[in-house]
Peer 1: 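Let me begin by handing over the structure; questions about it come next.
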Amino acid sequence: MSDATQTKVTHNPLPNKERTKLPRQRVPEQDAKVRAHNFQEVNLGFPPEQAHEESLRCIECPKPGCVLKCPVSVDVRAVIDLILAEDYLGAAAKVREDNALPAITGRVCPVEDQCESGCVLGKKGEPVGIAYLERFVADWERESGQFGLPKSAPPTGKKVGIIGSGPAGLACAGDLIQMGHQVHVFEALHELGGVLVYGIPEFRLPKDIVRHEIDVLRRRGVEFETNVVVGKTVTVDELTNDEGFDALFIATGAGLPRFLNVPGEHFNGIYSANEFLTRVNLMRAYRFPEYDEPLYPCKDRDVIVVGGGNTAMDAVRSALRLGASNASIYYRRTEIEMPARVEEVHHAKDEGVHFEMLVNPVEFLGDEKGNLTSVRCIRMELGEPDDSGRRSPVPIKGSEFVAPCSVAIIAAGTSANPLIQSTTPGLATTKRGYISAKDDTLATSKPGVFAGGDIVTGGATVILAMGAGRKAAKSIDDYLKGLVQIAN
Amino acid sequence: MAPEGTIRHFPDVCAMSACLVTYATDCMYIPPQNQMWRVPVYEIVEARPLARGIKLFVIKAPRIAKKQKPGQFVIVRLDDCGERIPLTIADANPEAGTVTIVVQAIGKTTMLLSMLEAGDSILDVVGPLGKPSEIENFGTAVIVSGSVGTAMAYPTARELKRAGNKVISIVGARSKELMVLEDEVRVVSDETHVVTDDGSYGTKGLVTDKLKEVMAAGKVDYVLAVGPVPMMRAVARMTGPEKIKTIVSLNSIMVDGTGMCGGCRVLVNDSSQFACVDGPEFDATQVNFEVLMQRNNMYREQEKMSIDRLQADPEGELDRLRRKNHKHECAAEAVGVTNE
């Protein structure tokens with residue numbers, strides 16, 4: 001490990017003026033035409049030379065905006081300096097102090113709104129490629145086969161249950177185990193990782209990477225149990241009363257898919273994005289019949305995806321890789337309002353995804369067997385801004401048209417899954433059915449029970465969920481130490 | 001490639017055999033002693049054929065055994081290449097920590113499952129899922145079931161009897177060799193009528209013929225119908241006009257079983273309901289059976305392809321499953337993980 005950060009002698013030989021002149025390194029990618037037909041990772045990551053070049057660009061701000069903008073406050077400056085010192089394992093360990101899943105966040109974080117948006121260089125030119133650097137050190141560490149595990153505190157004898165093994169649960173587990181608590185994670189599905197394995201496709205986040213990050217947690221002492229649907233297999237009260245958990249963290253994720261509620265939505269070939277992605281990612285349906293789970297055929301057919309978020313991009317790019325002759329995004333606003341990451345939209349376009357803006361399906365049409373054949377849409381225009389500040393789309397009278405499609409994937413968001421709320425007496429929920437948790441502590445209305453991630457906020461991002469996991473770990477630790485009275 | 005003396009972490013048997021996917025970062029090597037951390041497999045403690053193509057399994061699943069109620073189901077996944085399929089819980093023994101399922105071999109997974117014996121294991125069993133049957137004293141309750149549906153209706157019939165109902169069971173099958181759990185049903189029923197399509201056992205005819213007789217003979221307060229979709233639809237059409245409370249248990253295609261995917265959605269009272277969390281039991285008069293049948297046919301071609309693959313080499317497939325699950329079992333033991 002380098003002590004450069006303490007002594008403020010950095011490993012960057014260049015004066016600041018020179019640094020700002022360096023161009024941002026382009027990360028190698030699989031060629032768009034090739035990758036549009038395979039499920040291998042799109043971004044190939046920096047080789048060491050490029051990581052070094054990119055690190056040289058950092059001007060080491062005294063008050064680094066990147067750290068302020070990071071939901072888990074990774075010490076970016078120190079990491080970059082360790083890269084320049086060629087202590088890549090040290091850099092990885094540095095990231096891991098604040099971020100339990102660096103190889104994952106380095107791939108899926110919306111950095112343009114977070115760390116990279118805080119980078120001073122971004123004001124005049126392009127920010128430092130922080131995510132690529134984070135990914136570089138995490139990949140380096142994994143490839144080396146060794147890693148510096150952060151030191152855990154002595155055992156406290158307290159047992160914490162975490163419900164859900166997605167990003168919030170894993171981040172919470174990482175912090176709690178380091179604090180010396182016993183940690184047991186429950187997962188409803190057969191595979192650990194939550195949205196990281198069922199939602200985000202292989203070409204954006206290889207499943208082996210997720211498994212590795214989870215294995216690091218296991219090595220640190222976290223216990224995992226799959227096939228437990230809390231609320232069904234066991235209840236929250238049973239976990240605290242019968243199984244001896246001193247505290248619980250509910251991190252069960254976003255939940256139920258929303259449909260459009262237009263006529264014909266039951267035709268064969270219409271999927272929620274959740275189902276489509278779960279079949280493709282978790283169940284590996286893209287490798288049918290080697291894997292058993294079937295998928296309604298996309299090959300040589302028209303596939304439309306309704307929505308403009310990251311989930312919509314993941315679905316449409318998956319459809320393309322499954323051989324769709326046309327894979328299109330149908331979105332009721334314009335590209336400016338699309339919540340998807342710019343990089344994902346850019347990748348999708350390069351791969352040949354067609355974008356149909358300002359349209360909204362009003363009816364799905366099918367044949368006599370109930371198979372989807374086409375979609376009737378109406379064109380929209382933007383009206384006054386709504387609650388979210390985005391201009392709300394208004395249908396244009398008489399603009400309806402019918403487009404052929406065999407598969408339609410609805411990526412219109414999710415609503416709260418009531419499984420835990422409905423089986424846990426005394427657990428307060430919001431009007432929309434999400435679990436109520438205090439902003440500062442994530443404590444719920446039940447003493448010793450905390451909640452965070454999408455089950456509290458509604459659908460958000462991996463890193464925000466991880467931030468919630470870390471916040472929960474902190475207040476669970478406080479609760480267990482009896483330092484603060486959280487229970488109300 | 002793997003450095004000397006290390007092995008690939010978390011071997012994915014399918015990936016290793018096919019090698020379809022290679023990663024830019026071909027890494028992930030860790031010492032052998034930590035090679036797997038998967039939870040253990042679920043052991044089959046008893047496997048017994050009940051009728052032609054129908055088999056009963058008693059599976060060790062202590063958490064599920066403790067919590068399950070009549071009407072609920074489990075989702076199973078046989079091995080790490082398997083699909084997830086829902087199966088109704090036919091019985092359970094909380095003390096022994098076992099659940100009973102009855103399986104009809106109709107698709108690839110149920111066919112492969114039906115080849116398993118006591119001592120074999122299933123990779124994943126999760127549950128109990130779905131809402132339990134509504135149990136109260138309705139008065140006279142008629143349980144109409146077809147073939148393997150009898151196994152699903154049986155626990156509800158037993159609880160209805162316990163709740164004080166007069167239970168009349170109408171047990172149907174295409175022929176005698178497809179009849180299951182008749183003796184068990186008789187024990188919990190005040191009256192039991194056996195019907196076969198071909199007349200090879202009991203009365204010749206359809207369950208609905210018998211239901212008509214029962215309805216004519218006395219007041220019926222409640223009907224539960226479990227079986228093929230056309231049968232449930234026929235029952236609903238008879239009891240609906242008579243305003244008899246009628247419940248059906250729907251067998252739609254599922255993936256996660258927790259409400260996350262919406263694949264099991266059915267049209268009930270013209271609105272989308274999820275069979276996994278809103279059901280599987282619904283008011284029969286409100287169910288759109290045509291949409292259910294249509295959606296259940298969605299993967300017909302792929303199902304046929306999978307069956308053909310299995311039938312090309314059933315022993316080989318069985319052998320592969322056994323070897324894979326045995327490996328998981330050993331690994332789980334090695335790291336000291338149990339599912340109890």
Peer 1: Is a salt bridge present between A/Glu243 and B/Arg63, judged by a nitrogen-to-oxygen distance below 4.0 Å?
Peer 2: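 Looking at A/Glu243 and B/Arg63, the cut-off is met.
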Peer 1: Are A/Glu238 and B/Lys67 close enough for a salt bridge, meaning some N to O gap below 4.0 Å?
Peer 2: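 Salt bridge flag = yes for B/Lys67 with A/Glu238.
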Peer 1: So for A/Thr278, is it side chain, backbone, both, or neither that comes closer than 4.5 Å to the heavy atoms of chain B?
Peer 2: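 Just the side chain, heavy atoms under 4.5 Å.
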Peer 1: Measure distances from B/Arg295 to the heavy atoms of chain A and classify the residue's part below 4.5 Å as side chain, backbone, both or neither.
Peer 2: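 Both backbone and side chain.
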Peer 1: Do A/Pro294 and B/Glu83 have side chains that get closer than 4.5 Å, going by heavy atoms?
Peer 2: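 They are in contact (side-chain heavy atoms under 4.5 Å apart), so the answer is yes.
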Peer 1: Side chain, backbone, both or neither: which part of B/Ile253 has a heavy atom under 4.5 Å from chain A?
Peer 2: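 Contact with chain A is through the side chain of B/Ile253 alone.
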Peer 1: Under 4.5 Å heavy-atom distance to chain A, tell me which part of B/Val125 shows up: side chain, backbone, both or neither.
Peer 2: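 For B/Val125, backbone heavy atoms alone lie under 4.5 Å from chain A.
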Peer 1: Considering only heavy atoms, which portion of B/Thr258 lies under 4.5 Å from any heavy atom of chain A: side chain, backbone, both, or neither?
Peer 2: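 Both backbone and side chain.
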Peer 1: Flag the one option from B/Val277, B/Ile85, B/Asn297, B/Val291 with the top tally of heavy-atom pairs under 4.5 Å to chain A.
Peer 2: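 Between B/Val277, B/Ile85, B/Asn297, B/Val291, the count favours B/Val291.
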Peer 1: With a 4.5 Å cut-off on side-chain heavy atoms, are A/Asn227 and B/Tyr42 touching?
Peer 2: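 B/Tyr42 vs A/Asn227: side chains touch.
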Peer 1: Is it the side chain or the backbone of B/Met298 that comes within 4.5 Å of chain A heavy atoms, both, or neither?
Peer 2: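 Both parts, backbone and side chain.
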Peer 1: Between B/Cys261 and A/Tyr271, is any pair of side-chain heavy atoms under 4.5 Å apart?
Peer 2: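 No - every pair of side-chain heavy atoms lies 4.5 Å or more apart.
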Peer 1: At a heavy-atom distance under 4.5 Å, which candidate from B/Gly257, B/Gly127, B/Ser272 has the highest pair count against chain A?
Peer 2: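 Maximum pair count with chain A is reached by B/Gly127.
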Peer 1: Could you tell me which residues in residues 108-115 of chain B have at least one non-hydrogen atom under 4.5 Å from a non-hydrogen atom of chain A, sorted by residue number?
Peer 2: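 Residues B/Lys108, B/Thr109 are the ones that qualify, each having a heavy atom under 4.5 Å from chain A.
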Peer 1: Given heavy-atom pairs under 4.5 angstrom as the criterion, report whether the side chain, backbone, both or neither of A/Pro28 touches chain B.
Peer 2: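 Looking at A/Pro28, nothing touches chain B.
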Peer 1: Between A/Leu277 and chain B, with a heavy-atom cut-off of 4.5 Å, which part of the residue counts as in contact: side chain, backbone, both or neither?
Peer 2: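 The answer is neither part of A/Leu277.
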Peer 1: If I measure from the heavy atoms of chain B, does A/Leu189 come under 4.5 Å with its side chain, its backbone, both, or neither?
Peer 2: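 Backbone plus side chain of A/Leu189, per the 4.5 Å heavy-atom cut-off to chain B.
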Peer 1: Given heavy-atom pairs under 4.5 angstrom as the criterion, report whether the side chain, backbone, both or neither of B/Gln72 touches chain A.
Peer 2: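 Side chain of B/Gln72 only, per the 4.5 Å heavy-atom cut-off to chain A.
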Peer 1: Counting only heavy atoms closer than 4.5 Å, note whether A/Phe276 contacts chain B via side chain, backbone, both or neither.
Peer 2: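 Interface part for A/Phe276: neither.
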Peer 1: A/Tyr296 versus chain B, heavy atoms under 4.5 Å apart: side chain, backbone, both or neither?
Peer 2: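 Both parts, backbone and side chain.
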Peer 1: Report which part of A/Lys369 has an atom under 4.5 Å of a heavy atom belonging to chain B: side chain, backbone, both, or neither.
Peer 2: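 Backbone only.
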